[in-house]
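Predicted model, so just to flag it, every value in this text is computed and none were measured. Labels below follow one simple rule: chain letters A, B, ... track the order of the sequence lines, proteins then strands, and each chain is numbered from 1.
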Number of protein chains: 2
Amino acid sequence: MSKYSVSLQDMAEMFKALSNPHRLALFKRLMSCCEPGTRCRTDQEMRCCVGDLGQDVDIAPSTLSHHLKELNRAGLVRMQRNGKHVECWVEPDVVNRIGDFFNL
Amino acid sequence: MSKYSVSLQDMAEMFKALSNPHRLALFKRLMSCCEPGTRCRTDQEMRCCVGDLGQDVDIAPSTLSHHLKELNRAGLVRMQRNGKHVECWVEPDVVNRIGDFFNL
DNA sequence: TGAATATTTCGACATGTTTCGAAGTATAGA
DNA sequence: TCTATACTTCGAAACATGTCGAAATATTCA
């Protein structure tokens with residue numbers, strides 16, 4: 001029945017990543033950079049570079065980098081270098097996995 | 001559109017509470033002590049006392065108490081003394097609020 | 001190759017978390 | 001009122017996290 005099976009440990013890691021207000025804001029921003037209802041596509045134009053994300057949160061670049069790394073390690077955010085920039089995005093499946101945990 | 005509006009700070013508090021594997025296990029147990037699909041009712045028999053919850057996690061009673069307090073402070077778990085026992089339960093709205101955050 | 005831009009790594013410090021045992025509080029029942 | 005049960009509070013130790021600035025790396029373009 002469970003399409004997305006994630007261990008309790010992995011879920012705890014995800015929630016830890018989302019437990020910091022700065023990281024949660026970053027994740028929310030990445031989650032909502034798409035059409036409402038459709039959820040984030042992985043298309044090029046739907047991605048967001050690290051610098052852009054830094055505009056919204058008032059933290060040092062090194063701290064921003066650290067937080068994105070944590071979101072990435074938890075499996076919540078994917079990252080890929082494109083030239084001078086590093087693009088970040090949220091895979092729709094990640095949100096589904098969380099929904100699955102709550103039986104939503 | 002948003003039935004359950006919670007601040008980013010409050011959401012971060014909830015995720016912090018769920019970021020610890022022991023607390024996540026406790027929450028999951030309380031979330032699933034009901035019919036699948038229907039989600040937890042607040043009826044007496046659907047509640048669970050602190051001692052019962054301690055059977056599943058291998059931690060000292062004082063640690064268990066601390067974790068339940070954290071879940072309660074985050075607004076995830078409700079607690080009420082009933083005689084010698086303290087009953088714990090998850091309000092269905094709490095799960096809806098989290099689902100709302102993820103647009104689920 | 002050298003400069004400019006974008007991002008990461010490192011080291012350090014302050015603060016927060018997890019955990020326990022011991023002692024304290026609350027309740028029910030003999 | 002005394003005792004047993006159920007749970008909480010307190011204090012302390014070990015460990016983890018958030019934050020920054022400085023230095024390092026990666027990439028593009030002149």
Side-chain angles (χ1 to χ4, degrees), chain A residues 8-30 33 44-45 47-90, chain B residues 8-30 33 44-45 47-90:
Chain A
L8 206 76
Q9 279 291 333
D10 290 345
M11 283 303 302
E13 286 293 322
M14 288 189 191
F15 291 133
K16 184 160 76 178
L18 297 175
S19 73
N20 178 280
H22 287 145
R23 282 197 299 265
L24 188 58
L26 292 167
F27 183 78
K28 194 182 166 74
R29 161 82 189 267
L30 286 169
C33 63
Q44 201 74 4
E45 73 268 22
R47 299 181 184 187
C48 199
C49 82
V50 173
D52 291 346
L53 291 167
Q55 304 294 301
D56 299 329
V57 289
D58 192 27
I59 50 175
S62 58
T63 307
L64 173 64
S65 182
H66 164 71
H67 283 321
L68 287 170
K69 193 176 162 187
E70 289 296 305
L71 286 165
N72 179 251
R73 288 208 311 178
L76 290 168
V77 166
R78 310 234 319 123
M79 301 175 82
Q80 188 174 50
R81 181 171 275 274
N82 185 8
K84 280 196 291 187
H85 298 268
V86 171
E87 293 169 342
C88 308
W89 72 98
V90 173
Chain B
L8 205 75
Q9 278 291 333
D10 289 346
M11 283 303 302
E13 286 292 323
M14 287 189 191
F15 291 132
K16 184 161 75 179
L18 297 176
S19 73
N20 178 280
H22 286 145
R23 282 196 299 265
L24 188 58
L26 292 167
F27 183 77
K28 192 182 168 73
R29 161 82 189 266
L30 286 170
C33 64
Q44 200 75 2
E45 72 269 22
R47 300 181 183 185
C48 200
C49 82
V50 173
D52 291 345
L53 290 167
Q55 303 294 301
D56 300 329
V57 291
D58 192 27
I59 51 175
S62 59
T63 308
L64 173 64
S65 183
H66 163 71
H67 283 320
L68 287 170
K69 193 176 163 187
E70 290 297 303
L71 286 165
N72 179 250
R73 289 209 311 179
L76 290 168
V77 166
R78 310 237 315 124
M79 301 174 82
Q80 188 174 50
R81 182 173 273 275
N82 185 8
K84 280 198 290 188
H85 297 268
V86 171
E87 293 169 341
C88 309
W89 72 98
V90 173

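- Side-chain nitrogen and oxygen atoms of B/His67 include at least one within less than 4.0 Å of the OP1 or OP2 phosphate oxygen of C/dT19.
- You'll find that the side chain of B/His22 is closest to C/dT19, out of C/dT19, D/dT8, C/dT9.
- Between A/Gln80 and A/Val86 the shortest side-chain heavy-atom distance does not fall below 4.5 Å.
- Whole-Å rounding puts the B/Glu87 CD to D/dA6 P distance at 14 Å.
- Per the geometry, CD1 belonging to A/Ile59 stands 13 Å off P belonging to C/dT7, to the nearest Å.
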Margin query: Set out, in order, the CA-CA distance, both residues' side-chain angles and the distance that settles side-chain contact (heavy atoms from CB on, under 4.5 Å) for B/Leu8 and A/Lys28, then state yes or no.
Written below: CA-CA 9 Å; B/Leu8 205 75; A/Lys28 194 182 166 74; 3.5 Å; yes
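- Using a 4.0 Å cut-off, no side-chain N or O of A/Asn20 falls inside it from OP1 or OP2 of D/dT17.
- Set against C/dT19, C/dC20, C/dA28, the side chain of B/Lys84 has C/dA28 as its closest nucleotide.
- In the set C/dT27, C/dA6, D/dG18, the nucleotide with an atom closest to the side chain of B/Arg81 is C/dT27.
- In this entry the distance linking CG of B/Asp58 with C1' of C/dT19 reads 12 Å, nearest Å.
- In this structure, A/Arg23 reaches the D/dG18 phosphate: one of its side-chain N or O atoms is under 4.0 Å from OP1 or OP2.
- If you measure from atom NZ of B/Lys69 to atom P of C/dT17, you get 13 Å, rounded to the nearest angstrom.
- Rounded to whole Å, the distance from CG on B/Asn72 to P on D/dC7 is 15 Å.
- For A/Cys49, the side-chain atoms get nearest to C/dT7 when compared with the rest of D/dT19, C/dT18, C/dT7.
- Not one side-chain nitrogen or oxygen of A/Lys16 sits closer than 4.0 Å to the OP1 or OP2 atom of C/dT17.
- Positionally, the nearest nucleotide of DNA chain D for B/Val86 lies more toward the 5' end than for the other of A/Glu70 and B/Val86.
- For D/dC7, the OP1/OP2 oxygens have a side-chain nitrogen or oxygen of B/His85 closer than 4.0 Å.
- Put simply, CG on A/Asn82 is 12 Å from C1' on C/dA6, counting in whole angstrom units.
- Counting to the nearest Å, the P atom of D/dC20 and the NE2 atom of A/His66 are 11 Å from each other.
- Side-chain contact between A/Glu70 and A/Leu76 is absent, with no heavy-atom pair separated by less than 4.5 Å.
- Distance from the side chain of A/Val50 is smallest to C/dT7 among C/dT7, D/dT8, D/dG21.
- Using a 4.5 Å heavy-atom cutoff, the side chains of B/Cys49 and B/Asp52 are in contact.
- Rounded to whole angstrom, the span from the CD atom of B/Gln55 across to the P atom of D/dT5 amounts to 14 Å.
- A/Leu18 is listed as a side-chain neighbour of A/Leu71, based on a closest heavy-atom distance under 4.5 Å.
- For A/Ser62, counting side-chain heavy atoms from C-beta on, the closest listed nucleotide (D/dA22, C/dT7, D/dT8) is D/dA22.
- Judged by atom type and distance alone, A/Thr63 does not reach the base of D/dG18 through any side-chain donor-acceptor pair under 3.5 Å.
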Checklist line | B/His67 vs B/Val57, side-chain contact (heavy atoms from CB on, under 4.5 Å): CA-CA, chis, key distance, verdict | finding: CA-CA 11 Å; B/His67 283 320; B/Val57 291; over 6 Å; no
